[in-house]
Amino acid sequence: MTELAPGVYRLGHGAGGRVSAFLLDAGGELSLVDTLFEGDARLVLDAIRGLGRSVTDLKRIAITHGHRSHLGGLAALKRASGATVYAHAFEADIVSGDRRAQPVSVLPRQSLKLIKFQLGLRLNRPRHAPCPVDEELVDGDAFGPMQVIHAPGHSPGHLAFSWPERGLLIAGDAIATWPSLCAGWTAFTLNRAQHAISLQRMTTLEPRIVGVGHGAPIVDGAADEVHRLASQPLP
Ligand SMILES: [Zn+2]
Ligand SMILES: [Zn+2]
């Protein structure tokens, strides 16, 4: 667990393609964005205890989008905390297990390290433990201390989150830093035109910290990196 700014914690365990989750502490309530890969949610539960808090202080969980790496701990965390579960309507039925995520090409595009994730979507394996979504989020909603940004492209209901007072942007899978810094994993971008617009919108936030779905957060020159990624043609 790394504290990126007051009340902003990045969690990661290496699995799921160095997948990240973000725990936000504001006004005594905890909010969580994404749930890491592992089904037992141990790392998130340990992090909450490490802050001297109780699991029932976790009031809300948002899922950036319905890809397996981000959904692993959701069902266990819902059981343990009773937190309200949020997602965009276009992802909610994937989270609840009623529809599978759209497959992507299995052809290598960017890195051989990503092939197992491309295959995973193709084969719909491994599955996540389904969990109903309690509330649907739309652009402009509040989620705990953050603002919800509908940032489609990687998937139709892909969400990002902004906490302006902390200079924080959680970009989800619109930006990745693993295996290398890029405007999302190329093979996974379902709609490139939408993705380009979403990146452009992120530049207007001028973030100091960019949390990403896969890999370490960007903490040096974050706004410049977002501008650079948004100004390049998508590969
Ligand atoms: Zn994804
Ligand atoms: Zn992902």
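Both counts, for ligands and for their atoms, begin at 1 and track the order of listing. Everything numeric here is computed off the predicted structure, so don't read it as measured data.
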Are the side chain of His128 and the backbone N or O of His70 linked by a donor-acceptor pair below 3.5 Å? no

Taking atom types as modelled and ignoring hydrogens, do the side chains of His154 and Gln194 form a donor-acceptor contact shorter than 3.5 angstrom? no

Should Phe22 and Ile48 be regarded as members of a common hydrophobic cluster, given that ILVMFWY residues are connected when their side-chain heavy atoms come within less than 4.5 Å of each other, either directly or indirectly? no

Whether the side chain of Thr177 engages the backbone of Pro217 through a donor-acceptor N/O pair (distance < 3.5 Å, no angle test) should be reported. no

Under the 3.5 angstrom rule, does the side chain of Lys78 hit a backbone N or O of Thr84 as a donor-acceptor pair? no

Any side-chain donor paired with an acceptor under 3.5 Å for Arg10 and Thr2? no

What's within reach of the Zn ion (ligand 2), meaning protein N/O/S atoms under 2.8 Å? His70 NE2, Asp173 OD2, His214 NE2

